[in-house]
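Pasting a structure here, questions to come.
In what follows, chains carry the letters A, B, and so on, assigned in the order in which the sequence lines appear, proteins first and then strands, with residues in each chain numbered from 1.
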Protein chains: 2
Amino acid sequence: MTKLTTCCVQPAACCSLDISAEAQDRLVGMFKALGNPIRFEILKYLVTHPGCITGDLVDYLPIAQATVSQHLKVLREAGWITGSTEGPARCYCMNTEAIVWFRETVGRIL
Amino acid sequence: MTKLTTCCVQPAACCSLDISAEAQDRLVGMFKALGNPIRFEILKYLVTHPGCITGDLVDYLPIAQATVSQHLKVLREAGWITGSTEGPARCYCMNTEAIVWFRETVGRIL
DNA sequence: TCCTTCCATCGTATTTTTACGATGGAAAGT
DNA sequence: ACTTTCCATCGTAAAAATACGATGGAAGGA
């Protein structure tokens, strides 16, 4: 291994990189899900409009309903949001626990 | 706007969502770049092997040299890492400033 | 100068993502 | 029971990401 340390500082002592394979998969999935402008916009919208339904997002976003649903599914599967049935509609919220976990995990390994 | 707040809690007072369009683009780009298992592995490797060269990563990762270079470019353009020429080789390091910015921004808006 | 090492970029094939319209299921109102 | 509303899913087209081998440029050693 060639090691050249003249070009950058050593990592801080806090960086342990102690992460299980499962946690890493989960984390990468969360990164991937938010690495899309529309999905980021959805999460932003949910911050200011907690409990809104799919139709609200369809009205707000410049894309078709089917596409919004698809993005919501990605965010749900990545754990960023939760959806619950409210009569005929579907109510979406941020998953606060997941967000806390994300922040803590990123803070721990990076 | 239909608002159903029975299904989730209100957002914390800390969540301002105050982010410029440029910052949002940068943030989404950083999310996107790390939303790939290989690139996450690269960043992890750089934490424990700061200042390593491309060849080290090529030896470590199960993919071709051209692909490693491509991933390094993505991480560089997203701001996660910096590369400097060290003779014929190329030395890579995490971009500490960018990581701090990422952590702070995520903490502020989510 | 010539050769070797190191690695970024090009061209391209394959896979994945993103987007849409169409369809249908579930729930509420008539 | 019928209709309407709401939205997830299906099928598919287009765009983007990912992977590879091949090529060539830049730097150092022989």
Exercise. Side-chain N or O of B:N36 less than 4.0 angstrom from OP1 or OP2 on D:dA17?
Worked result: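 Indeed not, no polar side-chain atom of B:N36 lies that close.
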
Exercise. With respect to the phosphate group of D:dA27, does any side-chain polar atom (N or O) of B:T85 fall under 4.0 Å of OP1 or OP2?
Worked result: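 For D:dA27, neither OP1 nor OP2 has a side-chain N or O of B:T85 closer than 4.0 Å.
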
Exercise. Can you check whether A:I63's main-chain N or O pairs, donor with acceptor, with A:T67's side chain at less than 3.5 Å?
Worked result: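 No, because the side chain of A:T67 does not come within donor-acceptor range (under 3.5 Å) of the backbone of A:I63.
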
Problem set entry | Atom pair distance, as rounded to whole Å: CG in A:L57 and P in D:dC6 |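 Those two atoms, CG and P, are 14 Å apart.
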
Exercise. Starting at CZ of B:F40 and ending at P of D:dA17, how long is that distance when rounded to a whole Å?
Worked result: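 Spelled out: CZ on B:F40 to P on D:dA17 is 20 Å.
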
For this session: Please check if the side chain of B:D56 supplies one atom and the backbone of B:I53 the other of a donor-acceptor pair under 3.5 Å.
Result: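 It does hold such a pair.
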
Problem set entry | Nearest-Å distance for atom pair CG/P, residues A:D56 and D:dC6 |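 Distance check: A:D56 CG to D:dC6 P gives 10 Å.
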
Exercise. Is A:R39 close enough and on-axis enough to A:W80, meaning under 6.0 Å and within 45°, for cation-pi?
Worked result: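 No, A:R39 does not sit over the ring of A:W80.
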
For this session: Could you check how far CG of A:L61 sits from P of C:dA19, rounded to whole Å?
Result: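 Distance, rounded to whole Å: 10 Å.
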
Exercise. Does B:K32 make a side-chain N or O approach to OP1 or OP2 of D:dA17 shorter than 4.0 Å?
Worked result: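 Result: yes.
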
Problem set entry | Length of the CD-P vector between B:E77 and D:dT18, whole Å |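 Those two atoms, CD and P, are 13 Å apart.
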
Exercise. Got a sec? Which of residues 64-76 of chain B come in under 4.0 Å of DNA chain D, heavy atoms?
Worked result: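 Hits under 4.0 Å, by residue number: B:A64, B:A66, B:T67, B:Q70, B:H71.
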
For this session: With rounding to the nearest 0.5 Å, note down the distance linking CD1 in B:I42 to CD1 in B:I81.
Result: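 If we round to the nearest 0.5 Å, B:I42:CD1 and B:I81:CD1 are 7.0 Å apart.
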
Problem set entry | Distance (rounded to the nearest 0.5 Å) between A:L72 CG and A:Q65 CD |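 Taking CG in A:L72 and CD in A:Q65, the distance rounds to 9.5 Å.
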
Exercise. Any side-chain N or O of B:R39 less than 4.0 Å from the OP1 or OP2 oxygen of D:dT18?
Worked result: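 Answer yes for this pair, as a side-chain N or O of B:R39 is under 4.0 Å from OP1 or OP2.
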
For this session: Compare side-chain N and O positions of B:Y92 against OP1 and OP2 of C:dA8 and report whether any pair is under 4.0 Å apart.
Result: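 Checking C:dA8 against B:Y92, a side-chain N or O does come within under 4.0 Å of OP1 or OP2.
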
Exercise. In terms of the angle between their ring planes, are A:F102 and B:F31 parallel, tilted or perpendicular, with boundaries placed at 30° and 60°?
Worked result: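 Geometry flag for B:F31 against A:F102: parallel rings.
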
Problem set entry | Heavy-atom check, side chain of B:Q70 versus side chain of B:K73, under 4.5 Å |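 No, side chains not in contact.
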
Exercise. For the pair made of CD1 in B:I53 and C1' in C:dC6, what is the distance, rounded to whole Å?
Worked result: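 Rounded to the whole Å, the gap is 7 Å.
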
Exercise. If you check the A:I63 side chain, which of C:dC7, D:dT5, C:dC20 turns out closest?
Worked result: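 Nearest nucleotide to the side chain: C:dC20.
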
For this session: Measure from CD1 on B:I38 to P on C:dT15 and round the result to the nearest Å.
Result: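 B:I38 atom CD1 is separated from C:dT15 atom P by 17 Å.
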
